[in-house]
Each structure stands twice: as C-alpha cells, then as structure tokens.
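Numbers for residues simply follow the sequence, beginning at 1.
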Amino acid sequence: MSLHLGFIGIVTSDMAASLRFYRALGVQIPEGLDGEGHVDATLADGTALAWDTLEVIRSFDPDYTVPVGGHRIALSFSMGTADDVDRVYAELTGAGHTGHVPPFDAFWGQRYATLKDPDGNSIDLFAELPAG
C-alpha cells in the first residue's frame with residue numbers, strides 16, 4: 001500500500017470568512033459557496049483543501065469540540081520569493097486579516113511569516129532565501 005494525502009480539512013465556524021481569507025491568499029475557490037456546509041478546492045500542485053462548518057462536523061461527530069490553547073497544525077504555503085512573502089503578508093494584514101509573526105529571515109534559510117486564518121489556524125508563508 002502506498003500512502004497518499006487525500007486532502008487537508010479545515011473546520012470553520014464562519015464559512016464565508018474562511019473562504020474570503022483563503023481566496024485572498026490565492027486559493028481558487030468559486031464564488032457562491034459561502035453559505036455551503038462543505039467546500040472543496042484544489043491547489044495548483046494538486047493538494048486538495050476542504051472546509052466544513054461546525055454543523056457539518058457535528059452531524060457525524062456530535063461530540064466534536066473546537067480545540068483551544070493554540071494551533072495543532074499549520075498550513076505552510078511556498079510563496080516563491082522573499083519579496084512575495086512580504087507582499088502577501090502585507091496584502092492580507094492590510095485587508096484586515098490577522099498577522100501573527102511578521103516576515104523575518106529564519107535561521108533555516110527561509111523568509112518566513114505567519115498569519116492566522118479566521119478560525120485561528122496558523123498559516124505560514126515561506127520562500128527560500130538566496131544562498132550567500
């Protein structure tokens with residue numbers, strides 16, 4: 001058996017706000033889905049993202065509770081260049097989305113920044129720094 005990641009699921013308390021954030025990030029999500037309980041989108045690299053409202057999750061897992069005390073998983077998106085990390089972070093925070101860690105040159109050789117999506121999930125932006 002070969003293991004393949006099927007999709008990354010995001011549980012959201014506000015579908016419209018979550019989709020608005022991910023659209024601003026660059027995820028191609030069709031319009032008109034903001035009131036749906038479940039939404040799927042596929043990134044250019046084939047990775048699938050899926051959103052479910054709390055109501056949908058609780059329809060098959062009635063004991064589901066929203067995690068508290070910090071994120072359990074982070075989604076990290078390659079931006080291509082350090083300038084793109086800075087630009088996307090500035091665009092999203094300028095549009096009112098929550099910045100968490102402003103762009104910085106990380107010791108591991110990347111330009112790195114972290115935003116929070118509307119549900120408090122960590123969304124990392126990164127790009128390899130030029131060698132030198």
Within the 4.5 Å heavy-atom criterion, are [X] and [Y] side-chain neighbours or not?
X      : Y      : result
Leu92  : Tyr89  : no
Ile8   : Thr47  : yes
Leu54  : Tyr64  : yes
Tyr112 : Pro103 : no
Arg87  : Met79  : no
Asp117 : Leu25  : no
Asp119 : Ser18  : yes
Leu75  : Asn121 : no

Heavy-atom pair with the smallest gap, counting every atom of [X] and [Y]:
X      : Y     : result
Lys116 : Phe21 : O-CE1, 3.8 Å
Val27  : Ala41 : CG1-CB, 3.9 Å
Asp52  : His38 : OD1-ND1, 2.6 Å
Leu115 : Gly99 : CD2-CA, 4.0 Å
Ala127 : Ala82 : CB-N, 3.6 Å
Gly6   : Ala48 : O-CB, 3.8 Å

To the closest 0.5 Å, what do you measure between [atom1] ([X]) and [atom2] ([Y])?
X      : Y      : atom1 : atom2 : value
Trp108 : Leu129 : CH2   : CG    : 10.5 Å
Leu49  : Thr42  : CG    : OG1   : 8.0 Å
Ser78  : Asp84  : OG    : CG    : 9.0 Å
Gln28  : Arg23  : CD    : CZ    : 10.0 Å
Phe77  : Tyr22  : CZ    : OH    : 6.0 Å
Met15  : Asp34  : CE    : CG    : 8.5 Å

Under 3.5 Å, side chain of Arg58 to main-chain N/O of Thr65, donor-acceptor pair present?
no
What about Trp51 and Leu43, same hydrophobic cluster or not, with Ile/Leu/Val/Met/Phe/Trp/Tyr joined at side-chain heavy-atom distances under 4.5 Å?
yes
If hydrophobic clusters are built by linking Ile, Leu, Val, Met, Phe, Trp and Tyr wherever their side-chain heavy atoms come under 4.5 Å apart, do Val39 and Ile10 end up in the same one?
yes
Applying side chain to side chain donor-acceptor pair (under 3.5 Å) to Asp83 and Thr81, what does each step give before you reach the verdict?
CA-CA 5 Å; Asp83 288 343; Thr81 69; 5.3 Å; no
Are Asp14 and Arg20 ion-paired here, with the side-chain N under 4.0 Å from a carboxylate O?
no
Assess whether atom CZ of Phe60 is packed by more than 12 heavy atoms of other residues, nucleotides or ligands within 6.0 Å.
yes
